[in-house]
Structure formats: structure tokens, C-alpha cells
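One structure is given here, and the rest of the page talks about it.
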Amino acid sequence: MDPQALAALIAQCVEKQLKAHGAEDAPTLIDIALERPRSAEHGDWATSVALKVAKSAGVPPRDFALALARDVVALEGVAQAEVAGPGFINITLEAGAAGELVSTILQQGESYGHGDALAGQTINVEFVSANPTGPLHIGHTRWAALGDSLVRVLRSAGAEVTSEFYVNDAGAQMDTFGASILAAIVDEPAPENGYHGSYIKDLAQRVLAQEPDIVSLAKDDQIALARDTGYALQLADIKASLAAFGVEFGVWFSERTLHEKDASGLSLIDGSLERLRAGGHVFDEDDAVWVRTTDFGDDKDRVIRRANGVYTYFAADAAYYLSKTDRGFAKKIYLLGADHHGYIHRLKALAGAAGEDPEKNIEILIGQLVSINGAKLSKRAGNIIELDDLREWLGVDALRYSLARYPADSPLSLDPEILTKRSNDNPVFYVQYAHARTHQVARNAAASGVSGDTFDPSLLSEPSEAALISSLADFPRIVVQAAQLREPHRVARYLEEVAALFHRWYDQARVTPQGDDPIEPVHHTRLSLNNAAGQVLRNGLSLLGVSAPERM
RNA sequence: GCCCUCGUAGCUCAGCGGAUAGAGCAGAAGACUUCUAAUCUUUUGGCCGCAGGUUCGAUUCCUGCCGAGGGCGCCA
């Protein structure tokens with residue numbers, strides 16, 4: 001029996017008890033809040049539903065729990081239902097009923113963990129969105145790992161998700177970028193506030209190789225050519241870095257397309273301003289056009305078009321936001337670095353000014369900085385640490401896993417020595433090793449004639465087996481939770497728990513008989529449990545973009 | 001000055017308003033003629049920054065304070 005089915009049955013029991021006490025409100029499935037107790041003495045599953053609904057029934061929680069427990073224990077497959085503490089109900093399943101889950105997992109295979117909790121939601125997740133003026137650095141690396149895992153988790157929960165990279169390819173920084181490359185080509189010092197760092201010199205050489213005639217052009221044309229050629233090269237590098245990191249984007253959205261005039265001479269930005277004006281949150285003052293973002297919690301109103309008629313960056317943000325709406329995304333998720341947190345109010349204000357609900361249609365996840373060995377890194381400075389270097393140094397798996405196992409808002413300092421260790425210190429190896437071990441066990445089983453063709457779940461009666469099974473049963477719920485809370489790190493933490501329970505079980509129960517002992521049904525049955533554990537570990541790692549090796 | 005995030009074991013960090021606050025590492029003691037010991041078992045270690053509030057119940061939600069980091073533009 002899986003927890004969802006159990007929760008549904010308990011919901012019926014609760015409903016019955018509520019009616020018996022004359023209360024009207026029937027609880028939803030969420031109210032059951034079936035959870036896995038930390039302590040094994042508390043059974044396989046526990047619910048605090050009695051504490052929550054007792055008030056509406058007008059009886060003390062413990063009395064309600066006692067009555068409810070009598071109904072629950074009568075359910076098929078339930079071995080025990082005990083009331084503990086103020087009114088918790090601790091449920092122990094019969095070994096056979098719990099073990100059935102193993103065949104469910106093996107049947108569903110890769111799709112075990114997929115669900116429809118977020119079905120019908122169309123979500124746009126924008127992340128990384130680095131300026132195409134330089135290589136991706138360690139901060140981008142964190143957002144790439146986190147954002148991509150979030151996308152996978154959301155999809156697994158049934159949402160329709162598009163991952164998107166906003167390319168800031170318009171604006172003065174692009175000209176500075178072009179001028180910086182040009183300076184390197186003609187061997188002049190970099191312009192003030194320009195980009196330096198050795199990658200500019202590399203780009204300059206590649207631009208020169210591609211456009212050898214650039215030196216003979218007029219100055220403005222030189223800058224434009226250096227800019228556009230360098231941009232194409234740099235963006236291709238960024239795409240290649242992300243692809244090597246296992247991160248794919250559905251849409252690469254160019255900011256320039258927002259500025260382009262259509263046949264009637266109007267750009268998307270022009271149109272957006274008029275749409276916002278219609279919403280009533282736009283006003284004119286000092287010859288400039290403003291959005292009253294203070295209506296939505298911003299600390300000051302924002303200029304969207306300057307007195308000189310030029311749009312601000314905020315105008316492009318507005319047009320971009322509306323573009324997402326026009327492309328059918330009801331929910332827009334932005335993953336931004338901590339240095340962009342000042343954008344929260346103005347972005348939410350955009351949603352409000354556009355006539356949408358800032359609480360529902362837009363979500364902004366702010367991520368804290370990462371450091372390695374306490375060193376913080378700056379993009380403009382020459383000492384950036386690149387994603388590519390990190391990947392080659394630590395490997396995709398260790399890097400992605402380490403970055404995805406912490407919540408985005410937790411400041412993070414990684415220890416490179418731990419990331420390269422092959423032991424318990426390093427959680428990615430611990431989890432991957434557990435997965436490899438399931439394959440090793442299966443290989444040994446096959447070699448000694450344990451086929452798994454007999455499956456009798458009532459034989460899975462060891463405490464370590466019950467613990468492993470109920471953790472495997474929890475996977476779909478963990479995925480939904482990670483999706484709803486936008487916290488993919490929950491998957492990683494869960495996998496570490498499954499790995500620990502698997503290792504413990506491996507230590508205590510054998511799949512292949514020892515020595516000359518005969519092969520018995522329990523061995524076949526345990527092979528199925530072993531394989532189910534491997535499946536869950538594999539499915540979970542895949543949500544994090546981490547490989548699941550069969551041998552280590 | 002205003003805004004955002006964070007403050008949990010010696011360290012790095014988990015913790016969906018619930019039970020005795022957890023994991024790994026570090027410290028102590030054990031288990032290898034092994035299904036790979038890359039593992040497992042036992043154990044030491046906490047005013048959950050401080051003070052109030054809401055609640056049957058607060059590490060969790062709210063307010064204030066203290067501390068750490070980051071950010072404030074008619075820049076992009």
C-alpha cells in the first residue's frame with residue numbers, strides 16, 4: 001500500500017468520525033499530512049490529523065484520536081494504529097501490504113515519482129541569464145545546477161515547464177564589451193570600466209581570425225563588428241559550458257528582440273508601456289515616464305522612460321515580463337542572485353501593473369552567494385573562477401550535487417577537498433555508491449541463481465526492510481514537496497536518507513545466500529527490494545542531473 | 001537611512017506549526033575467511049542569536065532588538 005492510498009482511506013475514517021461528532025467540514029487529503037516518523041518505534045507512518053480537526057468536532061484531540069485509531073486499525077493492510085502524545089496516530093502496516101510497494105516501483109520504473117500534483121500549470125523558469133560579455137562564473141554555476149534541477153522536479157510533478165535564459169544583449173555594456181575586444185585587437189589599453197581579464201584577449205584573437213579586415217574599418221564599425229562577433233562567440237561558449245554541465249534551456253531570449261521596431265515602427269517595449277499605462281500605474285513627471293512601483297511595496301517609483309526619451313533597463317524588463325505572459329505562462333519564476341534582490345519589488349510591481357496578481361503570477365527566488373575556501377569572486381575582476389574550470393576540477397556530478405543539496409537562500413561555502421573525496425564526507429559519492437551497490441548485488445544475485453521471479457512481500461519483515469520500504473514509498477511525496485516549495489535540495493537530502501537505509505539493510509540482510517545455503521523465496525524477494533531501491537536512487541539522481549553509475 | 005537574505009552541535013549544514021531538534025565530518029569505542037568495509041554499529045557533543053506575541057503546541061508564523069552578508073542610480 002502506498003501512502004497516498006493510505007491517506008485516502010484515513011480521510012474516509014476522519015470524515016466518518018467528524019460526522020459522528022456532528023461536524024460539517026470534511027478534511028482534504030492534505031490535512032491528513034501523513035508523515036514518516038523519525039523514530040522506528042512510531043511505526044511506518046504517522047498523522048497529526050486528530051490534533052487538527054478535533055476542535056471542529058468539539059472533543060479533546062486525544063479522544064478523537066482514540067476513536068479514529070479504532071477505525072484505522074480496522075483497515076486492510078494496517079497492523080497497528082496507536083495513539084501517542086497529545087493525539088498522534090502511529091500506523092504500522094502489515095509487512096505484506098507495505099512490501100507491495102516494491103512491485104509498484106519495479107512496474108513503474110523510471111516513471112516512479114512522477115505525478116500530476118502540478119498538472120495544468122504552465123511555468124516559465126528563468127535562470128542564469130548571464131550577460132554575454134564574459135564566461136559563466138561560480139555564481140552562475142549554482143543557479144544553473146539549482147534552476148535545472150528545479151525544472152526537472154516541476155516537470156516530474158506534472159507541470160508544463162519552459163526553462164529560459166534571458167540574454168542581455170542590448171545596452172551600453174555590449175558596446176563596452178565591443179570596445180574592450182577592439183582595444184585588445186589593436187593592442188591598446190582597455191577602456192575605462194571596460195572588460196579585462198584574459199578571456200577578452202582570447203576573444204580578440206578569435207574575432208580577428210574571423211574578421212581579419214576589422215582593423216581597416218572606421219572606428220564605430222570596428223566596435224560594432226567586434227561587439228557582434230565577440231557576442232556570438234561568447235554566447236556560444238556559454239551554451240557549450242551549460243550543455244557540458246548538463247543544463248539545457250528551452251528558450252534563449254534575446255533582449256534585442258524587445259527593442260526591434262516592427263512594420264508600424266513600434267517595438268515590444270513601446271507596446272508594453274502602453275499596456276502598463278492602461279493598468280493605471282504609470283504617470284508622467286519631470287518629462288520622464290514612471291511606474292508607480294510603490295503601489296506594490298517598492299521603496300521608490302521607477303523611471304521606465306527617461307526625459308531624453310530613452311527607455312531604461314526596467315522598460316525591457318516590463319516588455320520581457322509581458323512576453324512571458326503572451327507566450328502563455330501563467331506562472332513566471334525568476335531565479336536571481338542576492339545582488340539582484342532589489343528587483344523583487346519592482347518585478348512584482350510589473351506583474352501588478354500588468355493587471356496580474358503579484359502574489360501568484362510571479363515568483364522570485366533569491367539565491368545567496370557561493371564561495372570556495374572563503375574566496376568571493378567577481379566577474380569584472382580578472383580573478384573569476386569559471387564554471388568550466390570548476391567542472392573540470394570537480395566533475396559534473398560532484399559539482400551539481402553539492403550545489404543542489406542546499407536551499408538557494410543558504411549562503412554556501414564549499415570545501416573542494418571534500419568534493420573530491422570518495423567517502424561518507426562527500427554525499428554524492430555516498431548516494432552514487434549506494435546505487436552502484438544495488439547493481440553489484442543484482443550482478444552477484446544473477447551469478448548465483450537468485451532470479452527474483454518469486455515475490456512474497458510478507459517475507460520483508462526485518463526492521464531494516466520496513467524502514468527502507470517506507471522511505472522508498474515517500475519518494476513521490478518528496479518530489480511534489482520539492483516542486484511546490486521550489487526546493488530541489490529536498491530530493492538530495494531524501495536520497496541520502498534512502499542511501500543510508502539501503503546501506504544498513506545491505507549490512508543486515510543478504511540477497512544471495514551465504515556459502516552453500518539454499519536459495520529461498522526470501523532471497524528472490526529481497527532482490528526485488530534491492531532493485532526497487534536502485535530504481536528510486538536512479539530516479540532521484542536524475543532529477544538532480546547527476547549520473548547513477550552501475551559500477552564504481 | 002531604507003530594503004533583502006541569513007543566524008541551529010567544535011565544523012559544514014538539514015529540519016511541511018507537532019512527539020525526546022537531526023545528518024555528515026571532527027572526538028571515543030567496535031565490526032572485514034565481505035553480496036565492494038567507498039560500508040555498518042555504538043557513543044560524546046545544543047539557552048535552535050536575544051526578547052516579546054499568535055497557537056492546544058513555535059527552531060518553524062508575526063513584531064522588536066543584536067550580529068553577519070548583500071543591495072540601493074533617469075547604470076546595464
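Just so we're on the same page: letters track the sequence lines, and every chain starts at 1. Values below: every heavy atom of this structure, side chains too, minus hydrogens, waters and symmetry copies.
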| query | Counting only side-chain N and O atoms of A:Q368, is one of them less than 4.0 Å from OP1 or OP2 of B:rC6? | reply | no
| query | Hey, are A:R256 and A:D228 close enough for a salt bridge, meaning a charged N less than 4.0 Å from a carboxylate O? | reply | yes
| request: Round to the nearest Å and state the distance from A:L365 atom CG to B:rG70 atom P. | output: 22 Å
| message | Using a 6.0 Å cut-off, check whether atom CD of A:E285 has over 12 heavy atoms from anything other than its own residue. | response | yes
| field | A:R346 side-chain N/O to B:rC3 phosphate OP1/OP2 under 4.0 Å | value | no
| said: Between A:L460 and A:R526, is there a side-chain heavy-atom distance shorter than 4.5 Å? | reply: yes
| task | Would you kindly give the CZ-to-C1' distance between A:R422 and B:rC25, to the nearest whole Å? | result | 19 Å
| said: Is there a side-chain contact between A:N424 and the phosphate of B:rC25, meaning an N or O under 4.0 Å from OP1 or OP2? | reply: yes
| query | For the side chain of A:H345 and the base of B:rC3, is some donor closer than 3.5 Å to an acceptor across the two? | reply | no
| field | Nearest-nucleotide 5' precedence on RNA chain B, A:V303 against A:I366 | value | A:I366
| request: Would you kindly give the OH-to-P distance between A:Y494 and B:rG24, to the nearest whole Å? | output: 18 Å
| said: A cation-pi test, strictly: NZ or CZ of A:R437 under 6.0 Å from the centre of the six-membered ring of A:Y506 and no more than 45 degrees from its axis. Yes or no? | reply: yes
| request: Would you kindly give the CZ-to-P distance between A:R551 and B:rA38, to the nearest whole Å? | output: 16 Å
| Separation of B:rU5 P from A:L336 CG (nearest whole Å) | 13 Å
| task | Rounded off to whole Å, could you give me the CG-to-P distance for the A:D298 and B:rG71 pair? | result | 18 Å
| request: Indicate, with a heavy-atom threshold strictly under 4.0 Å, whether A:R302 touches base, sugar-phosphate, or nothing. | output: sugar-phosphate
| task | Let me know the distance between CG of A:N168 and C1' of B:rC75, rounded to the nearest Å. | result | 13 Å
| query | A:H503 side chain: which of B:rC4, B:rU36, B:rU39 is closest? | reply | B:rU39
| message | Taking the cut-offs as 6.0 angstrom to the six-membered ring centre and 45 degrees off its axis, would you call A:R493 and A:Y406 a cation-pi pair? | response | yes
| Side chain proximity check, A:I344 to A:K348, heavy atoms < 4.5 angstrom | yes
| query | Which part of the nucleic acid does A:D286 contact within heavy-atom distance under 4.0 Å: base, sugar-phosphate only, or nothing? | reply | base
| query | Does A:Y506 put a side-chain nitrogen or oxygen below 4.0 Å from OP1 or OP2 of B:rA38? | reply | no
| field | Rounded distance (Å) that lies between atom P of B:rG71 and atom OH of A:Y343 | value | 12 Å
| Heavy-atom side-chain contact between A:V546 and A:V431 under 4.5 Å | no
| task | Anything under 30° is parallel, anything over 60° is perpendicular, the rest tilted; go ahead and classify A:Y166 against A:Y320. | result | parallel
| task | Would you mind classifying the nucleic acid contact of A:K300 as base, sugar-phosphate or nothing, using non-hydrogen atoms under 4.0 angstrom? | result | sugar-phosphate
| message | Quiz question: by atom type and distance under 3.5 Å, do the side chains of A:D270 and A:Y311 form a donor-acceptor pair? | response | yes
| task | Evaluate the side-chain proximity of A:L365 to A:F127: yes if any heavy-atom separation is below 4.5 Å, no if none is. | result | no
| note | Picking from B:rU39, B:rC72, B:rA76, the nucleotide nearest the side-chain atoms of A:R437 would be B:rU39
| Looking for any heavy atom pair under 4.0 Å, which part of the strands does A:A50 touch: base, sugar-phosphate only, or nothing? | nothing
| message | Would you measure the distance from the C1' atom in B:rG10 across to the matching atom in B:rG27 and give it in whole Å? | response | 10 Å
| said: Heavy-atom nearest nucleotide on RNA chain B for A:E255 versus A:H341: which residue maps closer to 5'? | reply: A:H341
| query | Contact class for A:R504 vs. all strands (heavy atom < 4.0 Å): base, sugar-phosphate, or nothing? | reply | sugar-phosphate
| query | According to a 3.5 Å limit on both distances, what stems of 3 or more consecutive Watson-Crick or G-U pairs are formed with RNA chain B? | reply | B:1-7 with B:66-72, B:10-13 with B:22-25, B:27-31 with B:39-43, B:49-53 with B:61-65
| Which nucleotide in B:rU36, B:rC40, B:rC72 has an atom nearest any side-chain atom of A:N444 | B:rU36
| Taking the P atom of each, how far is B:rA51 from B:rU43, in whole Å? | 32 Å
| field | Touch class at under 4.0 angstrom, heavy-atom based, for A:A288 against every strand present | value | base
Between the protein and nucleotides 13-23 of chain B, which nitrogen or oxygen pairs come in under 3.5 angstrom?
from: B:rC13; atom 1: OP1; to: A:P411; atom 2: O; distance (Å): 3.3
from: B:rC13; atom 1: OP1; to: A:S413; atom 2: N; distance (Å): 2.9
from: B:rC13; atom 1: O2'; to: A:R493; atom 2: NH2; distance (Å): 2.8
from: B:rA14; atom 1: OP1; to: A:S410; atom 2: OG; distance (Å): 3.0
from: B:rG15; atom 1: OP1; to: A:H489; atom 2: NE2; distance (Å): 2.6
from: B:rC16; atom 1: OP1; to: A:R490; atom 2: NH1; distance (Å): 3.4
from: B:rC16; atom 1: OP1; to: A:R490; atom 2: NH2; distance (Å): 2.4
from: B:rC16; atom 1: N1; to: A:Q481; atom 2: NE2; distance (Å): 3.3
from: B:rC16; atom 1: N3; to: A:R477; atom 2: NH1; distance (Å): 3.1
from: B:rC16; atom 1: N3; to: A:Q481; atom 2: NE2; distance (Å): 3.3
from: B:rC16; atom 1: N4; to: A:R477; atom 2: NH1; distance (Å): 2.8
from: B:rC16; atom 1: N4; to: A:R477; atom 2: NH2; distance (Å): 2.9
from: B:rA19; atom 1: N6; to: A:N90; atom 2: OD1; distance (Å): 3.0
from: B:rA19; atom 1: N1; to: A:N90; atom 2: OD1; distance (Å): 2.8
from: B:rA19; atom 1: N1; to: A:N90; atom 2: ND2; distance (Å): 3.2

| field | Residues A:D284, A:R277: salt bridge by 4.0 Å N-O rule | value | yes
